[in-house]
Amino acid sequence: MNDNKSDKDDKAGLSRRGFLGASAVTGAAVAATALAGSVMTRESWAAAAKDSQLKVHVAPGELDEYYGFWSGGHQGEVRVLGVPSMRELMRIPVFNVDSATGWGLTNESKHILGESAKFLNGDCHHPHISMTDGKYDGKYLFINDKANSRVARIRLDIMKCDKITTIPNVQAIHGLRLQKVPHTKYVFCNAEFIIPHPNDGKVFDLEDENSFTMYNAVDAETMEVAFQVIVDGNLDNTDMDYTGRFTAATCYNSEKAFDLGGMMRNERDWVVVFDIPAVEKEIKAGRFITLGDSKVPVVDGRKKDGKDSAVTRYIPVPKNPHGLNTSHDGKYFIANGKLSPTCSMIAIDMLPDLFAGKLQDPRDVVVGEPELGLGPLHTTFDGRGNAYTTLFIDSQVVKWNIEEARRAYKGEKVNYIKQKLDVHYQPGHLHASLCETSEADGKWLVALSKFSKDRFLPTGPLHPENDQLIDISGDVMKLVHDGPTFAEPHDCIMARRDQIKTRKIWDRNDPFFAPTVAMAKKDGIKLEEDNKVIREGNKVRVYMTSMAPAYGLTEFKVKQGDEVTVVITNMDQIEDVSHGFVMVNHGVSMEISPQQTSSITFVADKPGLHWYYCSWFCHALHMEMVGRMMVEPA
Ligand code: CUK
Ligand code: CUA
Ligand code: CA
């Protein structure tokens, strides 16, 4: 199967064969169920792929059926792809700095980044689209930043980030999901790592009761943190139900350990379930604390002396679970086993009884625990009663029937495994079209594979990842496309193209550049007409318009050491005529799209003549779209 693998790779156990060999041994125990489905060979899926190639091909001039939003992982951006072509349409810089658009350089983006503009890195994992009545409403996309504990919002009408919030008193925002019904009021996000409180360097022990992490809810409109809930253990992934009452999160570090061995000590970790209206009730009743300088209400969701809190329940599941997915029918929270070959199905309709104290054992709500294969990480749904789970170690996607798995748990002899498809290699997330909504349509599935190994032309030691497109519209999964991606999407989300409505040109009243408009107003400037230089001490503001192929000002004069702010308003009204502004040798670059105002501030620290030019090819005379900054020596 892997003819071009070197012996060296095989010895290191890193080849495809090596991985398979390892799983074949340990997989023997689960072989009874594992082999029940149709196992595809390389030959059979190649043949199957041929059939579906026509479906994937989006001919020149045609448009994709779906928008896909891909996390850019530790690269920090969001990428927009068309599905099924898997062509990259756009990049939305968020936690990174982007030289083309000027994200992280312009005043507008720095205003949005706020305090955290000092960080030039990010690590995003989970992009999710806002919902109304359990369906994507196309308004916003939210994404986490694990690296600097932030949550960002992207406006999908302009496909720009418009708000970023740093979550206080926690470290590493990881799992992130949205309220589905009645609409996305809250963005729920997990702080993964346990830290001491206060984290002032006096205590470093994690076993102390003042060491904990928190579950966080951000108001989707204001992007302010609405509340935090202290939990036992740590938090990995999360999702919400379709009633608006419960959310759930996986915990892999119930041990509160700080090393690998310690985190695997317990036979079981848990899924923690939150009763959101109960949290709101606690806050209303004043039963909360605050931490440090933060005003955010904090509710304690930990067990006290073995007794449950008013807002949480802990459901034991096999050790170190990872993904947490709500089935599209709203019936189950599915916790993915990772170290266990199983997924745990939690019946959401039994949770009210669990909270009401009517159940003997929290495990009573686990109504299915199908054995799927090695390393289940994430699960998605096709709207036809099937679930699809990634098997990291087996390098497969396994398709299984949800209700049959429930019946099997009760002892019935049913073969819930429908198919196992090889993917290449080691998949993390997977995502089916519309799968997080009640409209899951079972057409396309993307498996986000962590290793590409031999699938693409070699690119040196650093390899791309491999996002594979799988046709799930029929009874059999068919692999139809390999998509190389740069570091590391983790997760993606797909919406029907009619669910996303974008603007063609900017609205002059757009809040995105409102602070700049306010500044111009103070300076008595009409942005749409004026080409003027305003001086205030050593601060100089250069206002100009742009219209292909010329800037409103082709020269301006400042003094060495001046802090210069260039504000440009693009008066072009024609779709797609974006201009740029680059001041040579000053690290200055930005985008100004039709009807947009953009601004950037820098110090004119070198005397002499300095050219500026337009960086987006806008006109036959684009090269001539230039000007000069003349800096007089101090
Ligand atoms: S996590 Cu990366 S594969 Cu951050 Cu959603 Cu599971
Ligand atoms: Cu304006 Cu190029
Ligand atoms: Ca553990």
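Just so it is clear, the structure is predicted and the values come from calculations on it, not from any experiment. Counting starts at 1 for both ligands and their atoms, following the listed order.
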Report summary line: Of all N, O or S atoms in His174, the one closest to atom 4 (Cu) of ligand 1 is NE2
Query raised in the report: Do Ser254 and Asn266 get their side chains close enough for a donor-acceptor pair, meaning under 3.5 Å?
Result: yes
**Report entry** From Leu105 atom CG to Ser598 atom OG, the distance as rounded to the nearest 0.5 Å
**Finding:** 11.5 Å
Report task. Kindly indicate whether the side chain of Lys399, heavy atoms from C-beta on, has any atom under 4.5 Å from the side chain of Leu421. Result -> no
Query raised in the report: Under 4.0 angstrom from ligand 1, any heavy atom of Asn237?
Result: yes
**Report entry** Pi-cation contact, Tyr242 with Lys180 (under 6.0 Å, within 45°)
**Finding:** yes
Report summary line: Honestly, for Leu448 the part within reach of ligand 1 (heavy atoms, under 4.0 Å) is neither
Query raised in the report: Hey, is atom 4 (Cu) of ligand 1 within less than 2.8 Å of some N/O/S atom on His429?
Result: no
Query raised in the report: Against heavy atoms of His378, which atoms of ligand 1 measure under 4.0 Å?
Result: 1 (S), 3 (S), 5 (Cu), 6 (Cu)
Query raised in the report: Do any of the N/O/S atoms of His126, backbone or side chain, fall under 2.8 Å from atom 4 (Cu) of ligand 1?
Result: no
Report summary line: For Gly428, the atoms of ligand 1 under 4.0 Å from one of its heavy atoms are 3 (S)
Query raised in the report: Okay, side chain of His579, backbone of Ala548: is any donor-acceptor separation there less than 3.5 Å?
Result: yes
Report task. Starting from atom 3 (S) of ligand 1, locate the nearest protein heavy atom and write down its residue, its atom name and how far away it is, to 0.1 Å. Result -> Lys450 NZ, 3.5 Å
**Report entry** Distance under 6.0 Å and angle within 45° of ring axis: Arg153 vs Tyr140
**Finding:** yes
Report task. Considering only NZ, NE, NH1 and NH2 on the basic side and carboxylate oxygens on the acidic side, decide whether Asp269 and Lys319 come within less than 4.0 Å. Result -> no
Query raised in the report: His125: which N/O/S atom is nearest atom 4 (Cu) of ligand 1?
Result: ND1
Report summary line: Closest to atom 2 (Cu) of ligand 1 among protein heavy atoms sits His490 ND1, 2.1 Å
Query raised in the report: Would Tyr612 and Tyr551 count as a close aromatic pair, with their ring centres under 6.0 Å?
Result: yes
Query raised in the report: Where atom 2 (Cu) of ligand 2 is the centre, what is the ND1-to-O angle for His622 and Trp616, rounded to 10°?
Result: 80°
Query raised in the report: With atom 2 (Cu) of ligand 2 at the apex, how many degrees lie between SG of Cys618 and SG of Cys614, rounded to 10 degrees?
Result: 120°
